[in-house]
Amino acid sequence: MGLNKKSVDDINAKGKRVLVRCDFNVPLKNGEITDETRIVAALPTIQKLINDGGKVILCSHLGKVKNGPNEGESLAPVAKRLSEKLGKEVVFVSDYNVTGEAATKAVEAMKDGDVVLLQNTRFRGKEETKNGEEFSKELADLADLYVCDAFGSSHRAHASVAGVTKFITAKGGENVVGYLMQKEINFLGNAVENPVRPFVAILGGAKVADKLNVISNLLEKCDTLIIGGGMAYTFLKAKGYEVGTSLVDDEKIDYCKEMMEKAEKLGKKLLLPVDTTIAKEFPNPIDAEIEVSVVDSNAIPADMMGLDIGPKTAELYADAVKSAKTVVWNGPMGVFENPTLAKGTIAVAKSLAETDATTIIGGGDSAAAVNQLGFGDKMSHISTGGGASLEFLEGKELPGVAAADDK
Ligand SMILES: Nc1ncnc2c1ncn2[C@@H]1O[C@H](COP(=O)(O)OP(=O)(O)O)[C@@H](O)[C@H]1O
Ligand SMILES: O=C(OP(=O)(O)O)[C@H](O)COP(=O)(O)O
């Protein structure tokens with residue numbers, strides 16, 4: 001499936017001010033970046049614009065910024081790492097206002113090929129997340145052209161992803177997508193539009209409400225849909241099983257019933273855990289030692305919580321992966337941060353690493369699990385977007401894509 005949008009290859013940035021929205025939402029621990037994947041993924045587009053002789057103005061959000069601007073969510077560590085990666089200075093505009101005088105001055109001082117990084121766009125609060133007109137215009141005022149390369153944020157209709165483009169257009173500028181956007185969408189698009197079959201989709205994790213919605217669409221495309229992690233218990237409850245204190249979305253029980261009927265009608269396999277690793281409560285801290293037992297999925301005691309798929313399920317899922325030619329995986333099979341509860345996730349990751357099938361991983365935690373296990377380079381594609389890749393697979397148009405100019 002081709003992406004019918006203008007890209008960085010359609011522009012020459014020579015002497016132009018180019019605003020580039022990246023997804024530099026990287027994990028930080030004590031101010032240190034613990035995973036630089038998203039920074040590395042943004043480099044080809046940035047390098048192309050530098051080579052063009054453009055004035056490259058980068059922007060991104062970082063974290064949720066729930067309590068207003070703060071140093072802990074500043075993009076300063078990203079500027080430093082980016083500068084190391086590019087081997088050139090990245091001027092960081094630390095002003096919490098993001099746009100405004102400090103940013104304007106920094107941009108005015110730029111020479112062709114220079115790079116500036118603006119402060120965390122979410123420091124502008126709802127102006128960013130509610131796609132505010134004023135902030136969108138202020139961003140557009142800094143630039144002549146706009147590039148969206150923030151795949152991981154492209155499902156967010158925020159000012160720096162979507163709103164800004166209207167004002168770039170109004171001043172005669174172009175809005176294009178970057179190489180990362182192209183790469184992600186080509187890969188994900190091909191995987192779901194023309195999958196080499198059998199096509200197996202695996203869904204897990206804890207963002208149950210978000211992820212359940214993707215199932216209806218995926219069922220039509222895949223041959224087998226595997227459910228694990230926190231997602232599974234709403235299905236098990238819908239089957240009439242006791243699920244104890246496991247994660248459940250009660251509002252989605254009817255939906256899960258419908259999905260099981262839909263799978264049957266379409267002749268698709270919908271695999272649910274046949275056994276489950278349970279414990280008295282959620283581990284606290286998450287990697288604390290924990291006493292667990294394994295029960296069949298229809299025998300979870302009322303006071304116990306399901307925290308991983310059991311060994312029989314792990315085998316069943318690994319077998320389904322073995323016969324697949326395309327596998328899409330989003331969300332761990334259990335609380336993999338805890339070594340005792342990581343077995344299901346490890347088994348599935350291992351089966352993906354061992355297959356010759358095209359393997360696509362989406363979601364921060366799934367990617368982290370795969371990388372931590374040392375299987376990263378065994379996968380065909382690790383997406384930089386969790387929510388974004390799922391919304392794309394769901395068949396929704398991503399605002400960050402929609403906002404770019406058509407070819
Ligand atoms: N059975 C479960 N109960 C509660 N949490 C779970 C369960 N299985 C997995 N999780 C948690 O799900 C989280 C990842 O979910 P999610 O954010 O949806 O995945 P991703 O980041 O890959 O999109 C992990 O922190 C993991 O501990
Ligand atoms: O980390 C991200 O999403 P992801 O965890 O779904 O991959 C993106 O940077 C989007 O961040 P957001 O979910 O705070 O809008």
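In each ligand, atom 1 is the first atom listed, and ligand 1 is the first ligand listed. FYI, side chains are in, hydrogens and waters are out, and symmetry mates aren't considered; it's all heavy atoms of this structure.
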Visitor: Does ligand 2 have a heavy atom under 4.0 Å from the side chain of K207, from its backbone, from both, or from neither?
Guide: side chain
Visitor: Ligand 1 and G306, any nitrogen or oxygen pair closer than 3.5 angstrom?
Guide: yes
Visitor: So if I count the atoms of ligand 1 from 1 in the order they appear, which ones are less than 4.0 Å from some heavy atom of P332?
Guide: 14 (C), 19 (O), 22 (O)
Visitor: List every atom of ligand 1 that sits less than 4.0 Å from any heavy atom of Y233, numbering the atoms from 1 in the order shown and giving each element.
Guide: 1 (N)
Visitor: Does ligand 2 have an atom under 4.0 Å from some heavy atom of R38?
Guide: yes
Visitor: Does the pair L352 and M379 meet the rule for a side chain to side chain contact (heavy atoms under 4.5 Å, CB included), with working shown?
Guide: CA-CA 7 Å; L352 261 76; M379 305 301 165; 3.8 Å; yes
Visitor: Pull out every atom of ligand 2 sitting under 4.0 Å from any heavy atom of G152, numbered as shown with elements.
Guide: 8 (C), 10 (C)
Visitor: Could you tell me which atoms of ligand 1, counted from 1 in the order shown, lie closer than 4.0 angstrom to a heavy atom of F282?
Guide: 4 (C), 5 (N)
Visitor: E391 near ligand 2, heavy-atom distance under 4.0 Å?
Guide: no
Visitor: Considering only NZ, NE, NH1 and NH2 on the basic side and carboxylate oxygens on the acidic side, decide whether K312 and D296 come within less than 4.0 Å.
Guide: yes
Visitor: Just let me know how K211 lines up against ligand 1, side chain, backbone, both or neither, with a heavy-atom cut-off below 4.0 Å.
Guide: side chain
Visitor: Would you call E220 and K262 a salt bridge, using N to O less than 4.0 angstrom?
Guide: yes
Visitor: Give the atom numbers and elements of ligand 2 that come within less than 4.0 Å of a heavy atom of R156.
Guide: 12 (P), 13 (O), 15 (O)
Visitor: State the atoms of ligand 1, each with its element, that fall below the 4.0 Å cut-off from a heavy-atom position in G230.
Guide: 1 (N), 2 (C), 7 (C), 8 (N)
Visitor: Distance-only, no hydrogens or angles: does the D95 side chain make a donor-acceptor pair with backbone N or O of V98 under 3.5 Å?
Guide: no
Visitor: Strictly below 4.0 Å, N to O, side chains only: are K280 and D303 in salt-bridge contact?
Guide: yes
Visitor: For K64, counting its heavy atoms only, list the atoms of ligand 2 lying under 4.0 Å from any of them.
Guide: 12 (P), 13 (O), 14 (O)
